[in-house]
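Chain identifiers are assigned alphabetically (A, B, ...) following the order of the sequence lines, protein sequences preceding nucleic acid strands; residue numbering begins at 1 within each chain. What's counted below: heavy atoms across the whole structure, side chains too, no hydrogens, waters or symmetry copies.
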Protein chains: 2
Amino acid sequence: MSKNNAVDDLHIIERIANFQNMDQFKTAMDGFLSTLGFDCWAYTVKMPDSFNGSSFDIIHTWNQEFVDRYRDIHAFHCPRLKHLWQSEVPLIYDKKFTDNDLKLLRHQPVKVKAVIEEIIDFGYHGHGFSLTTHGKHGDKGVLTLQNRDKRKDGIDAISLSFHFASAFFPLMHMKYIELKGWRPPGSLFPLTERELECLRWAADGKTAWETGMVLNVSERTVNFHMANAQKKLMASNKIQAVARAILYNLL
Amino acid sequence: MSKNNAVDDLHIIERIANFQNMDQFKTAMDGFLSTLGFDCWAYTVKMPDSFNGSSFDIIHTWNQEFVDRYRDIHAFHCPRLKHLWQSEVPLIYDKKFTDNDLKLLRHQPVKVKAVIEEIIDFGYHGHGFSLTTHGKHGDKGVLTLQNRDKRKDGIDAISLSFHFASAFFPLMHMKYIELKGWRPPGSLFPLTERELECLRWAADGKTAWETGMVLNVSERTVNFHMANAQKKLMASNKIQAVARAILYNLL
DNA sequence: ATCGGCCCTGTAATTTCTTACAGGTAGCAT
DNA sequence: ATGCTACCTGTAAGAAATTACAGGGCCGAT
């Protein structure tokens, strides 16, 4: 973390903003994280390609066996992990955390219980934390840093790393999404102001006729703009057009 | 910031989670921020009530005159501030920042230029930073911390505060939204699994008949679930139902 | 055992959307 | 001037959604 002052921060922000390719990104990621002094880290990215399916990337220094198993048993059914993905509340792993989780186990259905037990058993220990960041386009990232090595006095060293990672992980994630070139499907063509207005009113439940009243144009014109928006968003109907516009944060 | 270790962090997270009312929240906010040693701070919250209008809250220690003027001249038209609201890239205010902004001025339309000049003139200086956080339901928060007092050596003290605020501001914001009791309209009744499935497929542009094929039920049944979802979401049609479900992060 | 919630299905009238055809205006840039 | 873009409007046929009417089955809880 070097000198840890605001000039450094500006420098880091600029550095992240200027990564040109994925190699630079990954090298820097490695650099940042290894200086934080953890045994292992994982960065998981979720990119929603539709409302019925998402693609995931996982970059990690865990052993592959664990990650595969983790995915196969649908570990994200564990309530705490589910919550991690949905909220911005970080998880801090320590003794107390594990105790709490074991307590929660009693109130879980058998299926979920088995999953959680296996996760804890397999590798859900070690000191560290998980952070979630929510991107603009429905994309999410989770960063996990852990010390498996019990001999290391991780718990007291976590804090600075936690704060530091909180500050820069959202930026790293944004840059990753950008470099990855991922876009929600059908976001290539810029929408005009009129098209956006029509989409907005449609999202608020207005019919084409009502939108026409609001915008002081004919119903026909609203349908015209809506049809153009649909083409640009590669949507098969108004509903998908609105859904994509929202997902892509256009409204 | 006291001892600054992980036990403290857990404590802070729990404390934030346990605020019972707005008074406790505001007192704590004051406490956190005043210990960071800045002259003044502002916390701005945006809650989208529909796609055509949002409500804003501003809690601040600026002088009211500035805040009013800031709102009246639509300061958020300033590109940097617009970007701040849309992205998660923080702004760090220092000499370099102001210089950059003045440089950018040359390429701006006259209207925007006038706005920016007035902001800089009126109060857009001082050392500090602005942070953005994106909530789950389309809500956003921006936290700004500044030292107006030029005699204070702000720039080198910013970093720790910046990291600390990055870590806990998202949680504060989540809690604020919760305490405020704000919900996107029509999110009171829990949707069933079937209703969610129908909404998801609709959001992906499928017609009721197509969704029926996918779910292996009749078109009529899909319309039945969709109608129930519409009632629960208080939506006047399928489009608004889908839009609200997305906004409320249900899909 | 009864009630309520969730799931499922049918018919039919009406409204809205979607897509095809057709056309015209205004402003801006090379 | 010419082309490009955004904007606007009309008609009409067919597809889809919306809203009413109607009904039955399964399961878990009081």
Side-chain angles (χ1 to χ4, degrees), chain A residues 51-52 107-112 186-246 250-251, chain B residues 51 107-111 186-246 250-251:
Chain A
F51 291 93
N52 284 282
H107 309 292
Q108 293 302 325
V110 181
K111 255 192 191 173
V112 178
S187 58
L188 299 173
F189 307 104
L191 298 173
T192 69
E193 196 45 52
R194 252 346 193 198
E195 283 155 4
L196 288 173
E197 283 179 301
C198 291
L199 286 168
R200 265 191 286 267
W201 288 111
D204 280 342
K206 300 283 178 284
T207 66
W209 182 84
E210 290 169 322
T211 302
M213 288 295 100
V214 175
L215 299 182
N216 200 31
V217 295
S218 75
E219 176 184 354
R220 178 65 191 86
T221 303
V222 176
N223 282 326
F224 166 79
H225 290 304
M226 196 60 78
N228 288 335
Q230 282 178 39
K231 273 176 222 151
K232 288 184 183 175
L233 293 165
M234 292 188 278
S236 52
N237 59 32
K238 213 165 154 176
I239 302 176
Q240 192 177 19
V242 168
R244 285 198 165 158
I246 298 172
L250 301 171
L251 302 193
Chain B
F51 291 92
H107 308 294
Q108 294 302 326
V110 182
K111 255 191 191 175
S187 58
L188 299 172
F189 307 104
L191 298 173
T192 69
E193 195 44 53
R194 248 353 190 196
E195 284 156 4
L196 288 173
E197 282 179 300
C198 291
L199 286 168
R200 264 190 286 266
W201 287 112
D204 279 343
K206 300 283 179 283
T207 67
W209 183 85
E210 289 169 324
T211 303
M213 290 294 101
V214 174
L215 300 182
N216 201 31
V217 295
S218 74
E219 177 185 354
R220 178 65 190 84
T221 303
V222 175
N223 282 326
F224 167 79
H225 290 305
M226 197 59 78
N228 288 335
Q230 282 179 40
K231 275 178 221 153
K232 288 184 183 175
L233 293 166
M234 292 189 280
S236 52
N237 60 32
K238 212 163 153 175
I239 301 175
Q240 192 177 20
V242 168
R244 285 197 165 158
I246 298 171
L250 301 171
L251 302 192

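- With hydrogens and angles disregarded, a donor-acceptor distance shorter than 3.5 Å links the side chain of B:Lys232 to the backbone of B:Pro190.
- With rounding to whole Å, A:Met226 atom CE is found 16 Å from D:dA6 atom C1'.
- If you measure from atom CD of A:Glu219 to atom P of D:dA12, you get 15 Å, rounded to the nearest angstrom.
- Nearest to the side chain of B:His225, among D:dT9, C:dT9, C:dC7, sits C:dC7.
- Checking the phosphate oxygens (OP1, OP2) of D:dC7, a side-chain nitrogen or oxygen of A:Thr192 falls inside 4.0 Å.
- Spacing between atom CG of A:Leu199 and atom P of C:dC17 amounts to 13 Å, rounded to whole angstrom units.
- How far OG1 of B:Thr211 is from CG of B:Asp204: 9.0 Å, rounded to the nearest 0.5 Å.
- Residue contacts for B:Arg194: at a heavy-atom cut-off of 4.0 Å it reaches the sugar-phosphate backbone alone, with no base atom in range.
- Taking side-chain N and O atoms only, B:Thr221 has no distance below 4.0 Å to OP1 or OP2 of C:dC7.
- Atom P of nucleotide C:dC8 and atom CE of B:Met213 are separated by 13 Å, given to the nearest angstrom.
- Distance check: B:Met213 CE to B:Thr207 OG1 gives 9.5 Å after rounding to the nearest 0.5 Å.
- Atoms CH2 (B:Trp209) and P (C:dT9) sit 14 Å apart, rounded to a whole Å.
- Electrostatic pairing of A:Arg200 and A:Glu193 counts as a salt bridge here, judged by a charged N lying under 4.0 Å from a carboxylate O.
- The phosphate of C:dT19 (OP1 or OP2) has a side-chain N or O of A:Gln230 nearer than 4.0 angstrom.
- Between B:Arg244 atom CZ and B:Leu250 atom CG the span is 11.5 Å, to the nearest 0.5 Å.
- Across D:dA22, C:dC8, D:dT9, the shortest atom-to-atom separation from the side chain of B:Arg220 is found for D:dA22.
- Listed nucleotides: D:dC7, D:dC8, C:dC17. Nearest to the side chain of A:Glu193: D:dC7.
- Mapped onto DNA chain C by nearest heavy atom, A:Ser236 and A:Phe224 fall at different nucleotides, with A:Ser236 at the one closer to the 5' end.
- Minimum atom distance to the side chain of A:Asn223 is reached by C:dT18, of the listed C:dT18, C:dA20, D:dA17.
- Of the inter-residue distances, the one linking A:Leu251 atom CG with A:Ile246 atom CD1 reads 5.5 Å to the nearest 0.5 angstrom.
- Proximity note for B:Lys232 (side chain, C-beta onward) versus C:dC6, D:dC7, C:dT9: the nearest is C:dC6.
- OP1 and OP2 of D:dC8 both lie 4.0 Å or more from every side-chain N or O belonging to A:Ser218.
- Put simply, CG on B:Asn228 is 12 Å from P on D:dT19, counting in whole angstrom units.
- As judged by a 4.0 angstrom heavy-atom cut-off over every strand, A:Ala208 is placed among residues touching the sugar-phosphate backbone only.
- For the pair B:Asn237 and B:Val217, nearest-nucleotide mapping onto DNA chain C gives the more 5' position to B:Val217.
- Protein atom CG of A:Leu191 is 10 Å distant from nucleotide atom P of D:dA6, rounded to whole Å.
- Spacing between atom CD of A:Glu210 and atom P of C:dC17 amounts to 8 Å, rounded to whole angstrom units.
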